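All heavy atoms count here, side chains included; hydrogens, waters and symmetry mates do not. Small disclaimer: the values here were computed from a predicted structure and weren't measured. Start at 1 and go down the list; that is how both ligands and their atoms are numbered.
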Amino acid sequence: MKTIASHNGLKATAESWRLLAAGRSALDACVEGVTQVEDDPDDLTVGYGGLPNEDGVVELDAAVMDGRTHLGGAVAGLRDVRHATRVARLVMEHTSRVLLVGEGARQFALAHGFVAENLLTEQARRMWLYWKRRRSTLDDWLTPAEDEDLELRAWYEKRFYRPEFPGGTGMPGGTVHCSALDGEGHLACATSTSGHAFKLAGRVGDSPILGAGLYVDNQVGSCGSIGHGEANLRHLSSFLAVELMRGGREPVDAGLEVLRRIVDKTPPRERDAAGRPTFQLMLFLLRRDGSHAGVSLHAGRQLAVADATGQRLEACASLWD
Ligand code: ASP
């Protein structure tokens, strides 16, 4: 038994491991694990407290996939309902469909008893307004003064400006992914996100797309990803990683190979002066035999792991230091 998650998923792996150890399925483990992060108002990238789209509305994407049945369920652009992954599970279990979007997904959730609430926290609202004021000098919004809102300024500069990528967009994203291997040898995975901060209204990323933001094949392994979703959408990265493991690659080699292919085809507008992608991307791989890896384009990232030896953060292997 084992469970792995993105760096922000320690709460997910703790809950996921607790359920696995109690004999529950990999599907229960990863869905309920991710739900813990959706509930956390301090995670600005997932569920309640996630940063909104450019209009100030939180829109969630999430998906689950169950290796035991090879079924999947997903929601995209879901408003007002924080537990997007549980809703995705119900799409998988109560319908013959895979993906519901927007108002249809919301109505489906409400029909199943999920409570509608405002997902925009005070903190996220303030960050959104700060972003609106900072992003351009060509609109009606006045740029905040140097000494105004120093905390927000520091946050904004850390998140949207990275000296290694002058001119780049930084990393206005984040997501939680969790994969689990249960006591019966079944795999499952879940990915949940509020998507890129301040995205275009209606933008859907990789997280709710089976094969892109997550994929599992019970005979091979599971993979999920966080980072620049458009790169995963163009490469079906999670599917590719599982297929490379099927071909005999170790999880770390499969993950790094996916990243190399992405780098190879990254468009010029998403590269820095040295040709490296200006975005970050992480893949988390869990093979059927319990071996695992986390990989990232740029160094310094971690993954959360829980197994019989305990819970820990491990370093991701990366293409660049
Ligand atoms: N992959 C997510 C998306 O593109 C965001 C992220 O993980 O940073 O919506």
### Task
May I ask whether Met245 and Val305 are part of the same hydrophobic cluster, defined by side-chain heavy atoms of I, L, V, M, F, W, Y residues being less than 4.5 angstrom apart, directly or through others?
yes

### Query
Where does Arg203 meet ligand 1, judged by heavy-atom distances below 4.0 Å: at the side chain, the backbone, both, or neither?
side chain

### Sub-3.5 Å N/O-N/O distance, Asp61 and ligand 1
no

### Task
Please step through side chain to side chain contact (heavy atoms under 4.5 Å, CB included) for the pair Val176 and Ile226, ending with a clear verdict.
CA-CA 7 Å; Val176 64; Ile226 76 168; over 6 Å; no

### Separation between CG of Asp149 and OH of Tyr156, rounded to the nearest 0.5 Å
13.5 Å

### Query
Is it the side chain, the backbone, both or neither of His196 that has a heavy atom closer than 4.0 Å to ligand 1?
both

### Query
What pairs of residues pass the ring-ring contact (aromatic ring centres under 6.0 Å, His included) test when at least one of them lies in residues 243-276, not counting sequence neighbours?
none

### Task
List every atom of ligand 1 that sits less than 4.0 Å from any heavy atom of Ile226, numbering the atoms from 1 in the order shown and giving each element.
7 (O)

#### Entry: Numbering as shown, the atoms of ligand 1 that approach Gly174 to under 4.0 Å (heavy-atom distance)
5 (C), 6 (C), 7 (O), 8 (O)

### Query
Apart from Met92 itself, what residues make up its hydrophobic cluster, given side-chain heavy atom links below 4.5 Å?
Leu27, Val31, Val64, Leu71

### Query
By number and element, which atoms of ligand 1 are closer than 4.0 Å to a non-hydrogen atom of Gly195?
9 (O)

#### Entry: Numbering as shown, the atoms of ligand 1 that approach Thr175 to under 4.0 Å (heavy-atom distance)
1 (N), 2 (C), 5 (C), 6 (C), 7 (O)

## Note on the structure
Exactly one of Thr175, Thr191, Asn232, Thr193 clears side-chain hydrogen bond (donor to acceptor under 3.5 Å, both in side chains) with Asp206, and that residue is Asn232

### Query
Should Gly227 be counted as touching ligand 1, given the test is an N or O pair under 3.5 Å?
yes

